[in-house]
Number of protein chains: 2
Amino acid sequence: MANMLTSELEGLLYGRELDSPVVKVVRALSGHGAVSTSQIARNTGLARSTVSTILADLKRSNLVVEMETRNPGPGRPAVAHSLNPEAGTCVGALLDVDEIRVIVADVAHNVVADLAMPVEREYSPTKAARVVKHAVDTLYKEHSLAYGSLIGIGFALSAPLAPDGRIMRSSALHGWQGIDFREAFQPVLEKPIFADSESNCAALAEMMWGAATGSSDFVLLKLNPTVSGAVVIDGKPLVGASGSAGEMGHIVIDPHGPLCRCGNRGCLELYCGAGFVSRMATDWLGRSMPVSEIVSRAIQGETGFRRLLADAGEAAGRGLSMAGAMINPPLFIISGVLASAGELLLAPLRASYEKHSFVKHEDVDEAHYPVFKAGKFLDNDNCLGAAGLVLRHSSRLK
Amino acid sequence: MANMLTSELEGLLYGRELDSPVVKVVRALSGHGAVSTSQIARNTGLARSTVSTILADLKRSNLVVEMETRNPGPGRPAVAHSLNPEAGTCVGALLDVDEIRVIVADVAHNVVADLAMPVEREYSPTKAARVVKHAVDTLYKEHSLAYGSLIGIGFALSAPLAPDGRIMRSSALHGWQGIDFREAFQPVLEKPIFADSESNCAALAEMMWGAATGSSDFVLLKLNPTVSGAVVIDGKPLVGASGSAGEMGHIVIDPHGPLCRCGNRGCLELYCGAGFVSRMATDWLGRSMPVSEIVSRAIQGETGFRRLLADAGEAAGRGLSMAGAMINPPLFIISGVLASAGELLLAPLRASYEKHSFVKHEDVDEAHYPVFKAGKFLDNDNCLGAAGLVLRHSSRLK
DNA sequence: GATCATTTTGTCATTTACGACATAATTGTC
DNA sequence: GACAATTATGTCGTAAATGACAAAATGATC
């Protein structure tokens, strides 16, 4: 049964244009939880009648189920639709420096299973493919899921992926340069695969279910030990000529600054990454302290730690002011560990952005001035987004 | 006769969706000179049959004419199509600080007439509309063109224009903040009007007829007394929340640097604008010298002037490395007065970009590394692009 | 010089998305 | 409780874009 549904779903999703009406509708459904026909029509720009017939097809195939909802205002109450969780499962896999993490989600994007595996550094693509395959097999067996229900696997890569599907050099995935991702992973996994950079996946997660819901243009900045980011234009994360769009952590803000792991001097990462905060804390305390503890101490009111976060926010704001000048997005999402500090980070960040920006707050009315928000996901944004690639099936491995 | 054609053209162009097949075809035709049916199909992504029928319509209305061409390889020779220059005229108008410039071009984008008028600073929108109207009337009379053949007027603004059509504060067009561009200009001109920022128009010109022909993703940097720029993604120049996307001249590269006219410190403009070059030359010579002369002296081999241009290139490269990190475009176009120095500017610029970039040349193969080119238009790029808005009719005043 | 491969072009039946209409289900008001 | 107002939904004819087919016009090959 589930198998039949899955093959139908595959037929409906793949083999189609990347922006065909069907895909748009599924995309809209995969975003918000329960949506009515007319809402989908408004969101996608399609005609109501088109959405209506498509939904009828999807319901006939049991891929979409109805849910009853209340309407606040007058008028006929809307029928809420959502993807049938039983229709299939997706996998999201993160390939990080020293860790491979796999999550299983149903079509409605509820996380069903989660498995993080440490791996020795400098692992090979072949190794990675085998590890993922094994993890998926294990998880499906453990949770008694049918492997046939798996409709696709999305990958979040800690390396740039060029538009042609080739992996570019990165410090995280060593020796992968020049490898064709599809060729390396497709044979082992025997399912449709999708991939994007780790930070683009994170942006996708925030756009579909997080702080950027409903926004199609925003810039994401992730403040972890490494600082990365993504630029989303018109609902699509920018890829770039070599797949490295959004790498804001390595904007050089001081050519005479300290040396960065990337080989340049004075990269933004050195001034607003989690590494900066923990290094400063160590200097101050004489001992090391986990970043999460630094943040919670700051929240509890310890001024020293607050100042550290403010300094990081100041630098981040300066970095984002550059994005503001070039891209001028209506929304900035700040995520990563440091973002859990909330306003302690955001307030100085906003002030610094304003200070270093060309467009001042008074130059424009409120509606035209960018909004700064903390991200919703702190831990598994990239895995979640990778799973999201499958249903959204926006990625570059056809 | 011309009038009949024009009204037909208007009917075909306006009243349609902004990306309807007809508009796409006209757009393709307005770009390259002579294109075959199948080439248009490939460029636009439309089916050959669609293009075929549309072209038939356009030919019947005399808006498109055939030209014979040779084919190099085997196969049936292609029939080249191009817009009929007699079908109508477009106007491009630049509203600058102390100058209003108007050009008239035919539908094939040959410039028919050109008129630059100095105006006193801080002129009002009403004044501007009247001046443009008067200039257009004069030019059409002088060149014995029928006013009825005018199908639309495009404006290049020296101010940000928000997506909703409202003008934001700028140092060039004083007191225009909050004005609805359409409301202010439409009544006076009685023709379809279009508008975009000056630098976005310049980018459009480079994309349609200049150094970025065929590219749909690139970053433009204009090195004039003011330094501006544009970011083109997917064939569309970014607008931004308040219309100030691409304002790269005011990225702060040194928070403790000298004060900039915009009120910040250490903006990029101060290190790579034409103002920087002329200021340094004045210091050195003890007298002022026009930038154009500085450039030609440098070309003739005078090392002092060469060094000045190299310094500007160095700074520009550093600025562009930030665009590289965020956007990672495959192409950078450098235009403005300084770009006439050619490799004297570009060589140090490339070196500096490479030095300050995260993605090094050796990290990727040639195909994934960005190309740096000088722009094709030095003087009237913005006017030309403004006229281009009309046929492309991509702009935000519906 | 005939044949093949190649590329372009136009036509036509099929598919597809849309706009218009009619209908359904609720809230608020008199 | 009836009626207007409002909003959502489904159906159907129409317009439009497409894919498949057939034909045309060349260069290359034997």
Side-chain angles (χ1 to χ4, degrees), chain A residues 11-29 32-61 63-82 398, chain B residues 8 11-29 32-61 63-82:
Chain A
L12 274 163
L13 286 179
Y14 310 118
R16 308 216 174 229
E17 284 298 309
L18 265 79
D19 53 351
S20 73
V22 187
V23 174
K24 279 186 184 168
V25 170
V26 173
R27 208 173 279 181
L29 283 166
H32 321 284
V35 218
S36 76
T37 313
S38 346
Q39 271 170 358
I40 296 177
R42 279 191 296 265
N43 290 341
T44 57
L46 297 166
R48 282 186 295 275
S49 50
T50 311
V51 178
S52 181
T53 37
I54 289 175
L55 277 180
D57 285 355
L58 292 172
K59 272 187 276 188
R60 199 172 322 111
S61 317
L63 308 174
V64 162
V65 287
E66 292 188 2
M67 308 167 60
E68 73 285 359
T69 5
R70 284 298 77 196
N71 244 25
R76 172 172 173 172
V79 182
H81 298 269
S82 67
K398 234 259 290 284
Chain B
E8 262 186 82
L12 275 162
L13 287 179
Y14 310 117
R16 309 216 173 228
E17 284 298 309
L18 266 80
D19 53 350
S20 73
V22 186
V23 175
K24 280 186 185 170
V25 170
V26 173
R27 205 172 281 180
L29 282 166
H32 321 284
V35 218
S36 77
T37 313
S38 346
Q39 271 171 357
I40 295 176
R42 278 193 296 267
N43 291 342
T44 57
L46 296 167
R48 282 187 294 276
S49 51
T50 312
V51 179
S52 182
T53 37
I54 289 175
L55 278 180
D57 285 356
L58 293 171
K59 271 186 277 187
R60 200 173 320 112
S61 318
L63 308 174
V64 162
V65 286
E66 292 188 2
M67 308 167 61
E68 74 285 358
T69 5
R70 282 300 75 196
N71 243 25
R76 175 172 172 171
V79 182
H81 299 268
S82 69

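Here is the naming used below: chain letters follow the sequence lines, and residue numbers restart at 1 for every chain.
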B:D57 CG to C:dT11 P, in whole Å, measures 11 Å
The reported gap from CZ in B:R42 to OG1 in B:T37 (rounded to nearest 0.5 angstrom) is 10.5 Å
Correct closest heavy-atom pair for B:I54 and B:V22 would be CD1-N, 3.9 Å
Whole-Å distance, A:R76 CZ to C:dT23 C1', equals 8 Å
Closest to the 5' end of DNA chain C, once A:P21 and A:R48 are matched to their nearest nucleotides, is A:P21
Hey, does the side chain of A:S52 come within less than 4.0 Å of D:dT9's phosphate (OP1/OP2), counting only N and O?
no
Exercise. With distance as the sole criterion, do the side chain of B:S49 and the base of D:dG19 form a donor-acceptor contact below 3.5 Å?
Worked result: yes
Rounded to whole Å, CG of B:L55 lies from C1' of D:dA17 at a distance of 15 Å
Here the distance between atom P of D:dA25 and atom CD of B:E66, to the nearest Å, is 13 Å
Note: A:V35 and A:A28 closest approach over all heavy atoms is CG2-O, 4.2 Å
Taking C:dC18, D:dT9, C:dT9 as options, the one with an atom nearest any side-chain atom of A:T50 is C:dC18
In this structure, CD1 of A:I40 is separated from NE2 of A:H81 (nearest 0.5 Å) by 6.5 Å
Note: contacts of residues 35-43 of chain A with DNA chain D (heavy atom, under 4.0 Å) are A:S36, A:T37, A:S38, A:R42
Tested for side-chain contact (heavy atoms from CB on, under 4.5 Å) against A:V64, the lone hit among A:D57, A:V26, A:L29 is A:L29
One should read off an interatomic distance between B:S36 OG and B:R48 CZ, to the nearest 0.5 angstrom, of 10.5 Å
Separation of C:dA17 atom P from A:I54 atom CD1, nearest Å, is 6 Å
